[in-house]
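In what follows, a single structure is set out as structure tokens and then discussed.
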Number of protein chains: 2
Amino acid sequence: MEEGTSKSLTHPEGTDRPGCGPDDEYRARQWDVREGCEVRQILDRVADKWSLLAIALLDCRELRFTELRREIDGISQRMLTVTLRQLERDGLVRRTVHAVVPPRVDYALTPLGATLHETIHALVGWTEEHQDEIAAARAAYDARARCPDGA
Amino acid sequence: MEEGTSKSLTHPEGTDRPGCGPDDEYRARQWDVREGCEVRQILDRVADKWSLLAIALLDCRELRFTELRREIDGISQRMLTVTLRQLERDGLVRRTVHAVVPPRVDYALTPLGATLHETIHALVGWTEEHQDEIAAARAAYDARARCPDGA
DNA sequence: CAGTATCCCCAGTGATACTG
DNA sequence: CAGTATCACTGGGGATACTG
């Protein structure tokens, strides 16, 4: 691990990309693409299907464990617990335990989590917005696969 | 489970929101959360770690198979192929085969893929921007776990 | 170079049972 | 209600070999 960690994060701009346009201030090239690096780890976390749904659902409200479980269709108790713990550890979700006889635990986004929510909401919005196009693309692809001649 | 999860996995006809609180404005903007629905499927696809990286890396350039493989650190040939095929099928990536002796295949984002790229780029940007906060949150969480009395 | 085909493993996940 | 603990299993994904 001592080997790759000191590798330069910036990619050499020497290699020219034809068709890329003049904007050389390529921000996408600058992120650390090494496996196991911080960004990759976080991406894996926030891009997790359950994390995504939990954050999207929490929005700006507090929800109880069971409420989340009911709202995130298909999630198991275990995965909800695991997901929530990870999000809490990452400082994205705040966990509030109420010392009452029937245990009550509320989950809410932290300010940091709220900023992520905006991005995730955009992703969900994109998905809703383009689902028809994707469905069409899939149909076209499958049709093309059946007709190798490409008609 | 034979339990009362009577929500059908089929496409939701109409805008019925089972169990959705009518008095709550936040739930009103909720998307279709049913497992197996179109949005969930697409989300799982685009939120995939490899898809995410491929789209982020592709940006507006064409890249060859090997280039992508080299840039996406840690991906196996198999997963790159699989990922690229899925993205192509979803209409997010265009695959161009050049009929030359050493086979050459270029991958590029479609216009649809480009719109997704913007969202994904925002997600990556968020990750870069907040990685320190997350690292700090993790450290704090772990420290808290070690000191149970630190209520 | 750019795949496809195969085998195979294990980590993530669900199911179940128990507890505070 | 909100977990924790345990077990069992599946399929995601890596490694390898082969092909056009």
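Source: prediction; values computed, not measured. So that the names make sense, note that chain A is the first sequence line, chain B the second, and so on, each numbered from 1.
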**Report entry** Candidate pair Arg94(A) and Thr96(A), rule side-chain hydrogen bond (donor to acceptor under 3.5 Å, both in side chains), full reasoning
**Finding:** CA-CA 6 Å; Arg94(A) 173 175 51 82; Thr96(A) 310; 2.7 Å; yes
Polar atom pairs (N or O), protein with nucleotides 18-20 of chain C, under 3.5 Å:
none

Query raised in the report: According to the interplanar angle, ranging from 0 to 90°, do the rings of His121(A) and His117(A) count as parallel (below 30°), tilted (30 to 60°) or perpendicular (above 60°)?
Result: parallel
Requested in this report: Report the C-alpha separation of Asp142(B) and Arg144(B) in whole Å, then their side-chain angles, then the decisive distance to 0.1 Å, and conclude whether the salt bridge (charged side-chain N to carboxylate O under 4.0 Å, His left out) test is met.
Outcome: CA-CA 5 Å; Asp142(B) 294 345; Arg144(B) 219 176 306 138; over 6 Å; no
Report task. Please state whether the phosphate of dT6(C), meaning OP1 or OP2, lies under 4.0 angstrom from any side-chain nitrogen or oxygen of Arg78(B). Result -> no
Query raised in the report: Within the pair Arg64(A) and dC1(D), is there a side-chain N or O less than 4.0 Å away from OP1 or OP2?
Result: no
Report task. Check the pair Lys49(A), Asp44(B) against salt bridge (charged side-chain N to carboxylate O under 4.0 Å, His left out), reporting the backbone distance first and the verdict last. Result -> CA-CA 6 Å; Lys49(A) 68 184 275 190; Asp44(B) 280 2; 3.6 Å; yes
Query raised in the report: At under 4.0 Å between heavy atoms, what does Arg95(B) touch on the DNA or RNA strands: base, sugar-phosphate, or nothing?
Result: sugar-phosphate
Between [N] atom [atom2] and [X] atom [atom1], what is the distance in whole Å?
X         : N       : atom1 : atom2 : result
Ile75(A)  : dG14(C) : CD1   : P     : 7 Å
Leu84(B)  : dC1(C)  : CG    : P     : 16 Å
Gln86(B)  : dG3(C)  : CD    : P     : 14 Å
Arg69(B)  : dG14(D) : CZ    : P     : 11 Å
Asp106(B) : dG3(C)  : CG    : C1'   : 15 Å
Leu63(A)  : dC1(D)  : CG    : P     : 15 Å
Trp50(B)  : dG14(D) : CH2   : C1'   : 10 Å
Leu80(A)  : dA15(C) : CG    : P     : 14 Å

Taking only the side-chain heavy atoms of [X] (C-beta and beyond), determine which of [options] contains the nearest atom.
X         : options                  : result
Met79(B)  : dG14(D), dC1(D), dG3(C)  : dG14(D)
Tyr107(A) : dA2(D), dT4(C), dG3(D)   : dG3(D)
Phe65(B)  : dA2(D), dG3(C), dC1(C)   : dG3(C)
Asp48(B)  : dC1(C), dG13(D), dC1(D)  : dG13(D)
Arg85(B)  : dT4(D), dT4(C), dA2(D)   : dT4(C)
Ser76(B)  : dG3(C), dG13(D), dG14(D) : dG14(D)
Thr81(A)  : dA2(D), dC1(C), dT4(D)   : dT4(D)

Report task. Quick one: do Tyr107(A) and Glu88(A) satisfy side-chain contact (heavy atoms from CB on, under 4.5 Å)? Show the steps, please. Result -> CA-CA 9 Å; Tyr107(A) 291 92; Glu88(A) 186 196 1; 5.6 Å; no
Query - Watson-Crick or G-U counterpart of dG20(C), or none if no pair lies under 3.5 Å - result: dC1(D)
Query raised in the report: Are the side chain of Thr83(B) and the backbone of Leu80(B) linked by a donor-acceptor contact shorter than 3.5 Å?
Result: no
Query raised in the report: Which value, rounded to the nearest 0.5 Å, describes the distance between Met79(A) atom CE and Leu84(A) atom CG?
Result: 11.0 Å
Query raised in the report: Does Leu109(B) belong to the same Ile/Leu/Val/Met/Phe/Trp/Tyr cluster as Tyr141(A), with side-chain heavy atoms less than 4.5 Å apart forming each link?
Result: no
